[in-house]
Every structure is written in structure tokens, then in C-alpha cells.
Amino acid sequence: MDMSDAVIVNSSRLKSIVWNDFDRVKKGDTFVAICRHCKKKLSGSSTSGTSHLRNHLIRCQRRSNHGVAQYFSAKDKKKEGSLALVTIDQEQKNDEVLSIVNLRYEQEQIKSEHVAIGSNSLDQRRSQFDLARMIILHNYPLAMVEHVGFKIFVRNLQPLFELVTRNKVEADCMEIYAKEKQKVYEIFDKLPGKISVSADVWTASEDDAAYLSLAAHYIDENWQLKKKNLNFVTIDPSYAEDMHSEVIMNCLMDWDIDRKLFSMIFDSFTSDNIVERIRDRLSQNRFLHCNGQLFDVRCAVDLLNRMAHDALETLCEITQKIRESIRYVKSSEATQATFNELADEVQVETKKCLCIDNPLKWNSTYLMLEAASEYRKVFSCLRDRDPVNRKFLLSDPEWDRLITVTSFLKLFVEVTNVFTRSKYPTANIFFPEICDIHLQLIEWCKNPDEYISSLALKMRKKFEEYWYKCSSGLAVAAMLDPRFKMKLLEYYYPQLYGDSATELIDDVFECIKSLYNEHSMVSPLASSIDQGLDWQASGIPGSGKDSRDRLMGFDKFLHETSQAEGSSSDLDKYLEEPLFPRNVDFNVLNWWKVHTPRYPILSMMARNILGIPISKVAAESRFDTGGRMLNHNWSSLPPTTIQALMCSRDWIRSELES
């Protein structure tokens, strides 16, 4: 067909995306669609539809060779102006009118979920799930799929992708949650050991809503410490304590892990009544080891945060003066210059910068106070030179108190960093650090300054409440570190308890033996011995219930005497052998993985004890003065959706990390 006198028709009314690849021209009364890639001519009549044009694009070799990525390159966009979705009308440049065209999506575009484009392909369903996973993983709002900018981006990137609504992406998220939850069920079902569960309370920024977050902590078959979020449920703070304990029990039973539970970790301020109700329910069915003695664990980092809060509260007036002093120094270049000159005169060695703290992070306040205390001589000189501003410059007794309390905070910061250095710290690392704090508190209480000693007594009271609940678990975990065994208790307890140390060490060892005996009763090794005796009896020709085999009694005698005279238990062998050398690269879980064949029963006990999350605070929030807060993008969603998103995010992240 001769197209010399054909006229290109304005395609502004053509909404199908296929017209991004065709020019519609008019030759007389006939409309023709010309492929921009291979120049093939097809019917362009409005009565012909666009199916034949889409079919041609799938088969077009010229288009296939270019590929989708090159097809939408900047060069082609410049060459083919009609491909651009955002265009500027040249006649309206002065008005700077930006027109967005072709935003209406043609719902009939894709008839099947898998569409081939040359050498590329689009899996619609998989792409929808990828989009949902992206939203889950990065806390994006569900409504982003309906944002104009997002639609333009996706349309340019892959025009064959069928855009989804907010409701559809929410349904996809729920489907992902159901599938991922089933995977977690299967993991728990195959676990070789017990599970410890942490409980945390979150709030929403927009309202007073509160959420209970439960997470499972365990050591898997490869001796890797793992964490899985279980629930994220709405709670009413006004509920009675029995209601809160009932919510937790329902969650545990829903996951069918109540019989696998070893311990639970709570905040320091969680009511003992809530813990007791849960422990009593579990003890009725004899699910807990040592009658639940190790069940109630309190968060160590939370304890440090509360003691740091006490210290900063005591320093409240001094801290405010320090802030005002820093503001005064930085109020003008002249004042800053004077301060620097004085620093040179008194030969201050520190290079730390004076800056105002962030009250939401208590370590930020500590760093401000520490830096200010190193400029004590400079501030004192400034106080003498500038009587006008003496009101907010510290006196010598105030400086002495500041330096003392700052040393308390320094210890808390250092220990907190040790506890959160690893994403999943094992329980064995906590005992020596907690004992050091215990010793320091004893010394601080002896300070002759009542200002300091009263603060130390206040912190010590909180510490002793924690120590009463958690010292046994911490000691057992330390014993299971082959670098320490019982020696760490023998080192610290005499310093803490003096003449009473021996009796208290014996109490801990009785707990260890009781725990070991309970694990030996459920050990596969114990049952295999009984099965071996049965096999021996059944394996003798003619033996059975009525057997007259006179050596069956001998078999029983042999088994009993070998147990009485036989080799030491796992626990005895472990404690008798020399300590493993201390070094920085030691991994206690790798050690137990290697030594499981040598200590089959004790390794079961180690798996359960070392998996206890002595701290449940994430590294990024370890110094926060407030609680965990739900992202505002999700806080207005239905509770079931919030739980699905929060749990799925944790599970997907864990999968990506592994």
C-alpha cells in the first residue's frame, strides 16, 4: 500500500498501551496501524480492536531484539516522543502546565497471568507477591499502590503489569502471612529443644493503643540461635492482670508451644501476678523444668535502662545547668573563642566536642555530661570571669557529684554495648557483667556523700529484685560455658556473699543437677537403653513372656551393675575436664555442636539454657528512654492486618539473613 499521502492521526484519544508501539495513520477513509519496530502494517480501524496488535508485539522480532529495557531507554523516548507518559505541551510552555496522560489502566489488557514479551516474561502473580513483600519488608503504606507517582513508575517500567488496589495488596499480604506462618509451625514441630518466649509492649504514635508482641527464641538443629515473632495483638492497658495472662496463654496454645516452653522473658516492671498465673497454668501439666524455677526471666538491658534513668533523674538540675552552659558557650563566636582560649590556658587534653544531648537517648545525655566534665577547669575559669552567667555554671560540689554519677553511667553504657554487640547474644555472656555491676553497687552504697549513696541504694533495690529472679539462670548459663564452668561462681560469689558463698554455690549446683536429671529422663539416650534390653530379650530364640531363658535375669543384672559401676555422667565428665582456653573468637554454640556426641544429655540442657534471651532489646533501641512504637504507616490498619505485617516482616527478614 502506498503510504506517501497518509496522515498520522492524533492518538490522544487512544488509551490502549499498544499505541506506544504503533503509529495510527489515515489513508483516505482507511485507518492503518504501523509497527514502529518492523514497520508492518495492520488494521487500525476502531472496529478491529487491539488484540491483533498485542499479538503482533509478542511475535515482533525487531522488538524482541531491542528488549524491554532498551525499549524504554532515554534515547528511544527522545526519538519517540509519544512514548513518554509525562509530556509538556510546547504551546503551553509559558504556563508551565504539566499534563499526565495515559494514567487510566486498561483492565482488559492481560487475559493470562503469564505474558511473554520476546525473550522476557511477566509473571503477574509473582510480581504481585513481590510487591506485597516489598511493602512488608520496608514498612511502606499499603496505599502506595494507588499513588499517582507509583503508577507512573510501574507503567514505564513494565506496562504489562496489572496494577493492584490497596485492598488487593492487603489480601496478598495476608496470604503471605498464612504461608509463612505455616513454615514457622513446621519449624517448631521439628525443633530438637525447648523454646523461650519474650513479651514486649508497643504503642502507636497516633493514639493510646497498646500491642503485645511475643517472640520465640530457640537454638535450631544446626546450633544457631534464632528468633521468630509469634504474635502482635492489641491489648487494653485497663484489662485486669488475669486478662493479660489469658491473652498470652491463648497465643502460646494457638502455636501449640505451651508444652515446649522453657522460660519467658518480661520487662522489669511486668507484674509478678501475670507471670505467676502463666507459670501455674504450665506447671499444672508439668511442662516446666525445675518446677518453673527458671521460667521467670527479666530483661537485663531493661534493668540497666531503669538504673540509668534513676541516675539521670538525680542529676536533673545539674544536667539542665550543663545544657545552659553549652548553649552559653555556643551563643556567639566571641564566647566560643574565649572558651577555646581558656581551654588552651589550662591545657585541656580532650578533643571532645560540646553538644546538646538528645533526651530520647540516655547515652546521648551521658556523652554530653562526660564531655562537659572534661572541660571542668575551663567552665570554672569562665565562672570566675563572667559573674553574670554564674547562675547556670556548676559549683565544685556539683562537679564532683556529676563526675561520680557519670562513672556509673559509663559502666551501664559499656555493659549495655556488650549485651547488644551480637544480634542474638547467648545467655552465657551475662553472668560476669551482671556480677561486676553487683560489686560496683555494693561499693557505691558506701560513698560518704549521701547524695551518691542514696542514689546507689535506689539502684541497688532494683538490681536485687532482678538478681533474686534471674541469678540461678545466669549461673547455670555461665556453668555451661566451657571456659568458666563452676569456676566463675567460685570467683564471684565469695566477693558478693563472703562466708555464705559456699552454701549458695551448693544451691546453684543442686539446681544444675536437678535440671540435668530432668533432661536425662527425656533424653533419647535413656529410651534407647530400654529399647536395647527389649531387643536383647526378644532376639534370643524362644524368648518371650513365657520364656524359660535363665539368662534374662543376667541381662538385667548386667544393665544395673554397669549403671552403678559405669562411667561418669555427662555432667561429671564435663566438670572434671580442664577449662577451655579463653579467647576472643570463642563461639559457645559451635563448641556444643562439636561436643554433642561426647555430652549427649548435657548438650540438650545447654541448648535450652543458652537459648534463653537474657536481653530482648534490639541494638538500635538499647538506649531509648521510651518504649517501642508502631510505624504510623500501619497503625491505622485493622489489628489482624497489623499482626500479619509485623510477623511477616520478621519472618521474611530472617529468611533473607539466612
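- Remark: side-chain polar atoms of Trp255 are not paired, donor with acceptor, to backbone N or O of Tyr185 under 3.5 angstrom.
- Of the listed residues (Arg126, Arg166, Lys179, Arg125), just one forms a salt bridge (Lys or Arg N to Asp or Glu O under 4.0 Å) with Asp172, and that residue is Arg125.
- The number of heavy atoms from other shown groups lying within 6.0 Å of CE (Met629) is above 12.
- Not one N or O on the side chain of Thr270 forms a donor-acceptor pair closer than 3.5 Å with the backbone of Phe266.
- Side-chain contact between Leu261 and Lys194: absent, with no pair of heavy atoms (C-beta onward) separated by less than 4.5 Å.
- The existence of a salt bridge linking Asp272 and Arg298 is confirmed by a sub-4.0 Å separation between a basic side-chain nitrogen and an acidic carboxylate oxygen.
- Applying side chain to side chain contact (heavy atoms under 4.5 Å, CB included) to Ile642 and the options Asn631, Leu637, Thr234 leaves one that passes, Leu637.
- Side chains of Trp223 and Arg607 form a contact here, defined as non-hydrogen atoms less than 4.5 Å apart.
- Taking 4.5 Å as the limit, some side-chain heavy atom of Asn231 sits within range of a side-chain heavy atom of Gln643.
- Residues Phe150 and Met144 come closest through the heavy atom pair CB-O, 3.3 Å.
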Item to complete: Test Trp651 against Tyr177 for ring pair (Phe, Tyr, Trp, His ring centres under 6.0 Å), laying out the working first.
Response: CA-CA 9 Å; Trp651 301 335; Tyr177 167 69; 5.6 Å; yes

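- Atom CD1 of Ile195 is separated from atom CE of Met264 by 12.0 Å, given to the nearest 0.5 angstrom.
- Heavy-atom minimum distance, Ile176 versus Ala132: CD1-CB, 3.7 Å.
- Within the 4.5 Å cutoff, the side chain of Tyr218 has no heavy atoms near those of the Lys227 side chain.
- Atoms CD1 and CG, from Ile135 and Leu645 in turn, are 9.0 Å apart once rounded to the nearest 0.5 Å.
- Using a cut-off of 4.0 Å between Lys/Arg side-chain N and Asp/Glu carboxylate O, Arg281 and Glu246 are scored as salt-bridged.
- Remark: the Glu170 side chain and the Thr641 side chain contain an N/O donor-acceptor pair separated by less than 3.5 Å.
- Taking 4.5 Å as the limit, some side-chain heavy atom of Val418 sits within range of a side-chain heavy atom of Glu433.
- No side-chain donor from either of Thr625 and His309 sits under 3.5 Å from a side-chain acceptor of the other.
- In this structure, a donor-acceptor pair under 3.5 Å is absent between the side chains of Asn167 and Thr165.
- Separating the CD atom in Glu180 from the CG atom in Asp650 is a distance of 10.5 Å, to the nearest 0.5 Å.
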Item to complete: Given side-chain hydrogen bond (donor to acceptor under 3.5 Å, both in side chains), test Asn417 with Arg622 step by step and report yes or no.
Response: CA-CA 8 Å; Asn417 285 332; Arg622 63 189 183 275; 3.2 Å; yes

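- Not one N or O on the side chain of Asp624 forms a donor-acceptor pair closer than 3.5 Å with the backbone of Gly626.
- One finds a salt bridge joining Glu276 and Arg279 here, because a Lys/Arg side-chain nitrogen approaches an Asp/Glu carboxylate oxygen to under 4.0 Å.
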Item to complete: Take Leu367 and Val413, measure what side-chain contact (heavy atoms from CB on, under 4.5 Å) needs, and give me the verdict at the end.
Response: CA-CA 10 Å; Leu367 293 172; Val413 167; over 6 Å; no

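- No donor-acceptor pair closer than 3.5 Å links the side chain of Asp200 to the backbone N or O of Leu214.
- With a 4.5 Å cut-off on side-chain heavy atoms, Tyr211 and Met646 do not count as touching.
- In this structure, Asn633 contributes its side chain and Asn139 its backbone to a donor-acceptor pair below 3.5 Å.
- In the model, Arg327 has no side-chain atom that pairs as donor or acceptor with a side-chain atom of Ser331 under 3.5 Å.
- Rounding to the nearest 0.5 Å gives a distance of 13.0 Å between CH2 of Trp362 and CG of Asp357.
- Counted by atom type alone, Asn229 and Arg649 present zero donor-acceptor pairs between their side chains at under 3.5 Å.
- For the pair Arg277 and Ser245, the tightest heavy-atom approach, listed with the atom from each and the gap, is CD-OG, 3.5 Å.
- Within the 3.5 Å criterion, the main-chain N or O of Val164 finds no donor-acceptor partner in the side chain of Gln128.
- In terms of heavy atoms, Leu122 sits closest to Leu160 at CD2-O, 3.1 Å.
- Summarising the local packing, NZ of Lys410 is surrounded by 12 or fewer heavy atoms from other residues, nucleotides or ligands at distances under 6.0 Å.
- Under the 4.0 Å criterion applied to side-chain N and carboxylate O atoms, Lys423 and Glu657 are assigned as salt-bridge partners.
- Under the 4.5 Å side-chain criterion, counting only non-hydrogen atoms from C-beta, Leu53 is in contact with Trp19.
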Worksheet item: What do the steps show when you test Val233 against Val247 for side-chain contact (heavy atoms from CB on, under 4.5 Å), and what is the final call?
Response: CA-CA 9 Å; Val233 294; Val247 169; 4.0 Å; yes

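- For the pair Ile265 and Ser198, the tightest heavy-atom approach, listed with the atom from each and the gap, is CG2-CB, 3.0 Å.
- With hydrogens and angles ignored, the 3.5 Å screen pairs a side-chain donor or acceptor of Lys330 with a backbone N or O of Leu354.
- To the nearest 0.5 Å, atom CG of residue Asn273 and atom NE2 of residue His244 are 12.5 Å apart.
- Counted within 6.0 Å of CZ on Phe153, heavy atoms from surrounding residues, nucleotides or ligands total 12 or fewer; the atom is thus considered open.
- The aromatic ring centres of Phe232 and Trp202 sit less than 6.0 Å apart.
- Atom OG of Ser196 sits about 13.5 Å away from atom NZ of Lys260, to the nearest 0.5 Å.
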Worksheet entry | Residues Lys190, Asp220; criterion salt bridge (charged side-chain N to carboxylate O under 4.0 Å, His left out); working and verdict | CA-CA 9 Å; Lys190 298 175 183 177; Asp220 66 10; over 6 Å; no

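- The shortest heavy-atom contact between Val197 and Leu252 is CG2-CD2, 4.1 Å.
- The side-chain heavy atoms of Leu294 and Ser263, taken from C-beta on, include no pair separated by under 4.5 Å.
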Worksheet item: Please walk me through it: do Lys183 and Phe188 pass side-chain contact (heavy atoms from CB on, under 4.5 Å)?
Response: CA-CA 9 Å; Lys183 293 181 187 177; Phe188 290 164; over 6 Å; no

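- For Thr420 (side chain) and Ala619 (main-chain N/O), no donor-acceptor pair under 3.5 Å exists by modelled atom type.
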Discussion item. Could you walk me through whether Met249 and Leu282 satisfy the side-chain contact (heavy atoms from CB on, under 4.5 Å) test, starting with their C-alpha distance in whole Å, then the side-chain angles of each, then the deciding distance to 0.1 Å, before giving a yes or no?
Written reply: CA-CA 9 Å; Met249 279 304 305; Leu282 296 170; 4.2 Å; yes

